[in-house]
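All heavy atoms count here, side chains included; hydrogens, waters and symmetry mates do not.
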Amino acid sequence: MDDVFRALADPTRRSLLDELFKQDGQTLSALQGRLPMTRFGVMKHLKVLEEARLVVTRRRGREKLHFLNAVPIQLIHDRWVDKYTASWAAKLGELKHKLEDRTMEKVFEIYIKTTPERLWQAITDTDMRRKYTFGAIITSDWTAGSRYQGTGRGKPIAEGENLEVDPPRRLVQSFRALWDDDVKSEGTSRVTWEIEPIGDSCRLVVIHDQLREDANKQLYGGWPMVLSGLKTLIETGEMLTTPGSRHWMEEPEAAA
(Lines give C-alpha, C1' and ligand atoms only; values in the text may rest on other atoms or scores of the structure.)
Protein backbone atom coordinates (compact mmCIF):
# COMPACT_ATOMS: atom_id res chain seq x y z
CA MET A 1 0.00 0.00 0.00
CA ASP A 2 2.93 2.36 0.58
CA ASP A 3 3.73 2.25 -3.15
CA VAL A 4 0.14 3.17 -3.96
CA PHE A 5 0.11 6.16 -1.60
CA ARG A 6 3.47 7.37 -2.95
CA ALA A 7 2.25 7.06 -6.52
CA LEU A 8 -0.94 8.99 -5.78
CA ALA A 9 0.98 11.76 -3.98
CA ASP A 10 2.27 13.24 -7.25
CA PRO A 11 -0.13 15.54 -9.17
CA THR A 12 1.24 14.49 -12.56
CA ARG A 13 0.59 10.84 -11.83
CA ARG A 14 -2.90 11.72 -10.66
CA SER A 15 -3.37 13.52 -13.98
CA LEU A 16 -2.35 10.36 -15.84
CA LEU A 17 -4.93 8.40 -13.88
CA ASP A 18 -7.46 11.10 -14.71
CA GLU A 19 -6.74 10.55 -18.40
CA LEU A 20 -7.31 6.82 -18.00
CA PHE A 21 -10.40 7.74 -16.03
CA LYS A 22 -11.71 9.37 -19.21
CA GLN A 23 -10.52 6.69 -21.63
CA ASP A 24 -8.98 3.36 -20.68
CA GLY A 25 -6.47 1.44 -22.79
CA GLN A 26 -4.34 4.35 -24.09
CA THR A 27 -0.88 4.28 -25.67
CA LEU A 28 2.11 6.23 -24.37
CA SER A 29 1.84 8.64 -27.31
CA ALA A 30 -1.83 9.30 -26.61
CA LEU A 31 -1.14 10.02 -22.94
CA GLN A 32 1.82 12.26 -23.77
CA GLY A 33 -0.36 14.28 -26.12
CA ARG A 34 -2.70 15.10 -23.24
CA LEU A 35 -0.01 16.35 -20.83
CA PRO A 36 2.45 19.29 -21.12
CA MET A 37 5.60 17.20 -20.66
CA THR A 38 8.11 15.10 -22.60
CA ARG A 39 7.63 11.51 -23.62
CA PHE A 40 10.44 10.49 -21.24
CA GLY A 41 8.71 12.29 -18.37
CA VAL A 42 5.43 10.49 -19.03
CA MET A 43 7.30 7.17 -19.21
CA LYS A 44 8.89 7.78 -15.79
CA HIS A 45 5.54 8.54 -14.17
CA LEU A 46 3.86 5.56 -15.84
CA LYS A 47 6.62 3.30 -14.51
CA VAL A 48 5.86 4.44 -10.95
CA LEU A 49 2.15 3.81 -11.50
CA GLU A 50 2.88 0.35 -12.92
CA GLU A 51 5.11 -0.51 -9.95
CA ALA A 52 2.24 0.49 -7.66
CA ARG A 53 -0.11 -1.70 -9.79
CA LEU A 54 -2.36 1.28 -10.42
CA VAL A 55 -1.70 0.87 -14.15
CA VAL A 56 -1.48 -2.44 -16.02
CA THR A 57 -0.17 -2.74 -19.58
CA ARG A 58 -1.04 -5.12 -22.39
CA ARG A 59 0.38 -5.53 -25.89
CA ARG A 60 -1.97 -5.34 -28.84
CA GLY A 61 0.00 -5.80 -32.01
CA ARG A 62 2.82 -3.23 -31.96
CA GLU A 63 1.03 -1.02 -29.45
CA LYS A 64 1.40 -1.06 -25.68
CA LEU A 65 -1.88 -0.11 -24.03
CA HIS A 66 -2.23 1.25 -20.49
CA PHE A 67 -5.22 0.33 -18.30
CA LEU A 68 -6.24 1.69 -14.93
CA ASN A 69 -6.22 -1.12 -12.35
CA ALA A 70 -8.88 -0.50 -9.70
CA VAL A 71 -7.81 -3.36 -7.40
CA PRO A 72 -5.30 -1.34 -5.29
CA ILE A 73 -7.97 1.32 -4.81
CA GLN A 74 -10.33 -1.38 -3.52
CA LEU A 75 -7.63 -2.69 -1.16
CA ILE A 76 -7.16 0.81 0.27
CA HIS A 77 -10.90 1.01 0.68
CA ASP A 78 -10.98 -2.31 2.54
CA ARG A 79 -8.11 -1.30 4.82
CA TRP A 80 -8.72 2.40 5.48
CA VAL A 81 -12.27 3.34 4.57
CA ASP A 82 -14.84 0.64 5.25
CA LYS A 83 -13.65 0.05 8.81
CA TYR A 84 -14.35 3.68 9.66
CA THR A 85 -17.43 4.59 7.67
CA ALA A 86 -19.60 2.62 5.26
CA SER A 87 -20.84 5.78 3.54
CA TRP A 88 -17.56 6.05 1.62
CA ALA A 89 -18.16 2.69 -0.03
CA ALA A 90 -20.84 4.00 -2.35
CA LYS A 91 -18.68 6.97 -3.33
CA LEU A 92 -15.66 4.81 -4.14
CA GLY A 93 -17.88 2.39 -6.02
CA GLU A 94 -19.21 5.24 -8.12
CA LEU A 95 -15.66 6.45 -8.82
CA LYS A 96 -14.56 2.95 -9.78
CA HIS A 97 -17.46 2.59 -12.20
CA LYS A 98 -16.57 5.89 -13.85
CA LEU A 99 -12.93 4.82 -14.17
CA GLU A 100 -14.00 1.65 -15.94
CA ASP A 101 -16.54 3.17 -18.31
CA ARG A 102 -16.43 3.37 -22.12
CA THR A 103 -14.11 0.52 -22.99
CA MET A 104 -14.22 -2.89 -24.60
CA GLU A 105 -11.61 -4.45 -22.30
CA LYS A 106 -10.90 -4.35 -18.56
CA VAL A 107 -7.68 -5.56 -16.95
CA PHE A 108 -7.24 -6.25 -13.22
CA GLU A 109 -4.04 -7.36 -11.51
CA ILE A 110 -3.22 -8.51 -7.99
CA TYR A 111 -0.38 -10.33 -6.19
CA ILE A 112 -1.29 -13.10 -3.75
CA LYS A 113 1.10 -14.98 -1.48
CA THR A 114 0.25 -18.54 -2.47
CA THR A 115 1.09 -21.30 -4.96
CA PRO A 116 -0.43 -21.61 -8.45
CA GLU A 117 -2.11 -24.85 -7.38
CA ARG A 118 -3.72 -23.26 -4.32
CA LEU A 119 -4.87 -20.25 -6.35
CA TRP A 120 -6.33 -22.50 -9.05
CA GLN A 121 -8.22 -24.41 -6.38
CA ALA A 122 -9.66 -21.16 -4.99
CA ILE A 123 -10.87 -20.21 -8.47
CA THR A 124 -12.49 -23.55 -9.29
CA ASP A 125 -13.63 -24.92 -5.91
CA THR A 126 -17.31 -24.15 -5.32
CA ASP A 127 -17.06 -23.69 -1.55
CA MET A 128 -13.95 -21.50 -1.68
CA ARG A 129 -15.20 -19.37 -4.55
CA ARG A 130 -18.49 -18.68 -2.83
CA LYS A 131 -16.59 -16.96 -0.03
CA TYR A 132 -15.30 -14.15 -2.28
CA THR A 133 -17.89 -13.95 -5.09
CA PHE A 134 -20.59 -12.30 -3.01
CA GLY A 135 -21.93 -15.68 -1.88
CA ALA A 136 -22.67 -16.90 -5.41
CA ILE A 137 -22.49 -20.68 -5.99
CA ILE A 138 -20.42 -21.49 -9.10
CA THR A 139 -20.64 -25.09 -10.33
CA SER A 140 -18.80 -26.80 -13.20
CA ASP A 141 -16.60 -29.81 -13.95
CA TRP A 142 -13.92 -27.33 -15.15
CA THR A 143 -13.02 -29.10 -18.39
CA ALA A 144 -12.57 -27.42 -21.76
CA GLY A 145 -15.90 -27.08 -23.52
CA SER A 146 -17.95 -27.68 -20.37
CA ARG A 147 -20.54 -25.29 -18.99
CA TYR A 148 -20.59 -23.46 -15.69
CA GLN A 149 -23.48 -21.87 -13.84
CA GLY A 150 -23.71 -19.34 -11.05
CA THR A 151 -26.67 -19.15 -8.70
CA GLY A 152 -27.50 -16.82 -5.84
CA ARG A 153 -30.41 -16.85 -3.42
CA GLY A 154 -31.85 -19.75 -5.38
CA LYS A 155 -31.89 -18.13 -8.83
CA PRO A 156 -29.53 -18.19 -11.86
CA ILE A 157 -27.22 -15.17 -11.93
CA ALA A 158 -24.55 -16.13 -14.52
CA GLU A 159 -23.60 -18.81 -17.02
CA GLY A 160 -21.00 -19.56 -19.64
CA GLU A 161 -18.57 -22.02 -21.19
CA ASN A 162 -15.04 -22.96 -20.14
CA LEU A 163 -13.26 -22.14 -23.39
CA GLU A 164 -9.69 -22.93 -22.26
CA VAL A 165 -8.71 -24.88 -19.14
CA ASP A 166 -4.97 -25.12 -18.43
CA PRO A 167 -4.46 -25.75 -14.70
CA PRO A 168 -2.89 -24.13 -12.82
CA ARG A 169 -2.01 -21.33 -15.25
CA ARG A 170 -4.91 -20.16 -17.41
CA LEU A 171 -8.69 -20.29 -17.53
CA VAL A 172 -10.74 -18.63 -20.28
CA GLN A 173 -14.52 -18.45 -19.97
CA SER A 174 -17.44 -16.93 -21.79
CA PHE A 175 -19.67 -14.96 -19.45
CA ARG A 176 -23.34 -14.07 -19.56
CA ALA A 177 -24.97 -12.22 -16.66
CA LEU A 178 -28.52 -13.24 -15.75
CA TRP A 179 -29.40 -11.44 -12.54
CA ASP A 180 -31.73 -8.89 -14.18
CA ASP A 181 -33.07 -7.88 -17.59
CA ASP A 182 -30.62 -4.99 -18.01
CA VAL A 183 -27.54 -7.21 -17.80
CA LYS A 184 -29.14 -10.04 -19.78
CA SER A 185 -29.47 -7.67 -22.73
CA GLU A 186 -25.68 -7.16 -22.78
CA GLY A 187 -25.15 -10.64 -24.19
CA THR A 188 -21.93 -12.65 -23.81
CA SER A 189 -18.45 -11.37 -22.94
CA ARG A 190 -15.22 -13.17 -22.01
CA VAL A 191 -13.18 -13.53 -18.82
CA THR A 192 -9.57 -14.74 -18.76
CA TRP A 193 -7.71 -15.72 -15.58
CA GLU A 194 -3.90 -15.79 -15.91
CA ILE A 195 -1.72 -17.11 -13.07
CA GLU A 196 2.03 -16.48 -13.02
CA PRO A 197 4.22 -17.74 -10.15
CA ILE A 198 6.68 -15.14 -8.85
CA GLY A 199 8.85 -16.24 -5.93
CA ASP A 200 6.61 -17.35 -3.07
CA SER A 201 3.62 -15.55 -4.60
CA CYS A 202 1.45 -15.46 -7.71
CA ARG A 203 0.56 -12.65 -10.06
CA LEU A 204 -3.09 -12.97 -11.02
CA VAL A 205 -4.40 -11.02 -13.99
CA VAL A 206 -8.11 -11.05 -14.84
CA ILE A 207 -9.04 -9.73 -18.28
CA HIS A 208 -12.70 -9.04 -18.97
CA ASP A 209 -13.07 -8.28 -22.67
CA GLN A 210 -15.46 -8.56 -25.60
CA LEU A 211 -17.63 -6.09 -23.71
CA ARG A 212 -19.95 -3.83 -25.64
CA GLU A 213 -18.74 -0.24 -25.64
CA ASP A 214 -20.58 1.57 -22.83
CA ALA A 215 -21.60 -1.83 -21.43
CA ASN A 216 -23.59 -1.97 -18.21
CA LYS A 217 -21.13 -1.31 -15.38
CA GLN A 218 -22.58 -4.14 -13.30
CA LEU A 219 -20.80 -6.59 -15.60
CA TYR A 220 -17.30 -5.62 -14.52
CA GLY A 221 -17.66 -3.27 -11.54
CA GLY A 222 -17.38 -6.04 -8.96
CA TRP A 223 -13.96 -7.39 -10.01
CA PRO A 224 -11.88 -5.29 -7.57
CA MET A 225 -13.92 -6.55 -4.62
CA VAL A 226 -13.84 -10.13 -5.91
CA LEU A 227 -10.05 -10.11 -6.22
CA SER A 228 -9.64 -8.35 -2.88
CA GLY A 229 -11.81 -11.03 -1.31
CA LEU A 230 -9.80 -13.78 -3.02
CA LYS A 231 -6.53 -12.37 -1.71
CA THR A 232 -7.96 -11.98 1.80
CA LEU A 233 -9.31 -15.53 1.83
CA ILE A 234 -6.10 -17.18 0.67
CA GLU A 235 -3.72 -15.15 2.82
CA THR A 236 -5.77 -14.92 6.02
CA GLY A 237 -8.51 -17.55 5.76
CA GLU A 238 -11.10 -14.84 6.41
CA MET A 239 -13.94 -13.35 4.34
CA LEU A 240 -14.44 -9.70 3.53
CA THR A 241 -17.32 -8.00 5.31
CA THR A 242 -17.48 -4.88 3.14
CA PRO A 243 -20.91 -3.74 1.88
CA GLY A 244 -22.14 -6.06 -0.83
CA SER A 245 -19.48 -8.72 -0.23
CA ARG A 246 -22.18 -11.27 0.71
CA HIS A 247 -24.92 -10.04 -1.59
CA TRP A 248 -25.85 -13.47 -2.98
CA MET A 249 -25.73 -15.35 0.30
CA GLU A 250 -28.95 -17.15 1.11
CA GLU A 251 -31.10 -14.98 3.36
CA PRO A 252 -31.97 -16.52 6.73
CA GLU A 253 -35.48 -17.91 6.90
CA ALA A 254 -37.98 -15.65 8.60
CA ALA A 255 -39.05 -16.70 12.07
CA ALA A 256 -42.35 -18.53 12.15
Side-chain angles (χ1 to χ4, degrees), residues 1-81 88-89 91-113 192-211 213-215 217 220-228 231:
M1 288 189 183
D2 289 344
D3 290 342
V4 177
F5 284 117
R6 281 194 292 268
L8 293 174
D10 185 271
T12 299
R13 291 193 283 273
R14 294 197 299 271
S15 294
L16 284 167
L17 294 179
D18 285 340
E19 293 303 323
L20 293 177
F21 174 105
K22 299 172 186 175
Q23 181 181 340
D24 215 354
Q26 296 192 56
T27 64
L28 172 61
S29 297
L31 289 168
Q32 180 200 353
R34 291 174 167 82
L35 296 176
M37 62 190 311
T38 66
R39 182 181 182 88
F40 181 71
V42 174
M43 288 176 62
K44 287 178 61 178
H45 285 296
L46 283 173
K47 182 179 179 181
V48 174
L49 291 170
E50 288 184 52
E51 289 174 348
R53 310 301 170 193
L54 288 164
V55 168
V56 179
T57 62
R58 283 182 61 79
R59 290 274 178 191
R60 182 175 295 162
R62 300 179 62 182
E63 293 185 325
K64 182 180 181 181
L65 304 182
H66 299 78
F67 295 85
L68 188 143
N69 180 30
V71 174
I73 297 173
Q74 182 68 48
L75 291 173
I76 289 175
H77 163 262
D78 295 342
R79 173 64 179 84
W80 295 105
V81 178
W88 276 87
K91 296 179 182 179
L92 284 181
E94 180 181 354
L95 172 62
K96 174 172 62 62
H97 289 163
K98 290 181 179 178
L99 291 173
E100 297 171 344
D101 202 8
R102 296 190 297 274
T103 184
M104 294 294 293
E105 180 178 20
K106 291 296 170 187
V107 182
F108 305 92
E109 177 186 80
I110 195 167
Y111 283 75
I112 303 174
K113 191 170 184 178
T192 301
W193 306 71
E194 295 180 346
I195 300 171
E196 177 187 0
I198 299 180
D200 63 354
S201 301
C202 288
R203 174 178 179 258
L204 174 62
V205 178
V206 172
I207 304 151
H208 195 162
D209 62 2
Q210 297 184 0
L211 289 159
E213 189 172 7
D214 294 321
K217 291 173 283 188
Y220 52 83
W223 280 115
M225 187 180 291
V226 167
L227 297 183
S228 297
K231 178 180 176 70

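- Ion pair Lys22/Glu19 flagged as a salt bridge, since at least one NZ, NE, NH1 or NH2 atom sits closer than 4.0 Å to an Asp/Glu carboxylate oxygen.
- Partners of Thr57 under the side chain to side chain donor-acceptor pair (under 3.5 Å) rule, at least two apart in sequence or in another chain, do not exist in this structure.
- The shortest heavy-atom contact between Arg39 and Ser29 is NH1-OG, 3.0 Å.
- Under a 3.5 Å cut-off, the side chain of Asn69 and the backbone N or O of Val56 do not form any donor-acceptor pair.
- Without hydrogens or angle criteria, Arg203 side chain to Pro197 main chain gives no donor-acceptor distance under 3.5 Å.
- Atom CG of Leu68 sits about 9.5 Å away from atom CZ of Phe21, to the nearest 0.5 Å.
- Here the side chain of Arg14 pairs a donor or acceptor atom with the backbone of Leu8 at under 3.5 angstrom.
- The two atoms that bring Leu54 and Pro72 nearest to each other are CD2-CB, 4.0 Å, heavy atoms only.
- Note that the CD1 atom of Ile198 and the CG atom of Leu204 stand 11.0 Å from one another [nearest 0.5 Å].
- Side-chain contact check for Trp223 versus Lys106: every heavy-atom pair is 4.5 Å or farther apart.
- Within the 4.5 Å cutoff, side-chain heavy atoms of His66 are placed close to those of Leu28.
- For the side chain to side chain contact (heavy atoms under 4.5 Å, CB included) with Lys231, the lone residue among Val226, Ile112, Val71 that qualifies is Ile112.
- Judged by distance alone, with hydrogens and angles left aside, the side-chain atoms of Asp24 form no donor-acceptor pair with the main-chain N or O of Glu105 at under 3.5 Å.
- If you take CH2 on Trp193 and CD1 on Ile207, they are separated by 12.0 Å, rounding to the nearest 0.5 Å.
- Residue Ile195 comes nearest to Cys202 through the heavy atom pair CG2-SG, 4.1 Å, listed as atom of the first residue, atom of the second, then distance.
- In this structure, CG on Leu46 lies 5.0 Å from CG on Leu16, to the nearest 0.5 angstrom.
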Exercise for review: Output, in order, the C-alpha distance, side-chain angles, deciding distance and verdict of side chain to side chain contact (heavy atoms under 4.5 Å, CB included) for Val42 and Met37.
Suggested key: CA-CA 7 Å; Val42 174; Met37 62 190 311; 3.5 Å; yes
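- Thr192 is listed as a side-chain neighbour of Glu194, based on a closest heavy-atom distance under 4.5 Å.
- Nearest heavy-atom pair, Lys113 versus Asp200, reported as atom, atom and distance to 0.1 Å: CE-OD2, 3.1 Å.
- Annotation: Met43, atom CE; neighbour count of heavy atoms from other residues, nucleotides and ligands within 6.0 Å does not exceed 12.
- Of all heavy-atom pairs between Leu20 and Phe67, the closest is CD1-C, 4.2 Å.
- Sorted by first then second residue, the salt bridge (Lys or Arg N to Asp or Glu O under 4.0 Å) pairs that include residues 61-74, not counting sequence neighbours, number zero.
- Distance check: Thr12 OG1 to His45 NE2 gives 4.0 Å after rounding to the nearest 0.5 Å.
- Here Arg59 pairs with nothing under the salt bridge (Lys or Arg N to Asp or Glu O under 4.0 Å) rule; sequence neighbours left out.
- For the pair Ala30 and Gln26, the tightest heavy-atom approach, listed with the atom from each and the gap, is CB-OE1, 3.7 Å.
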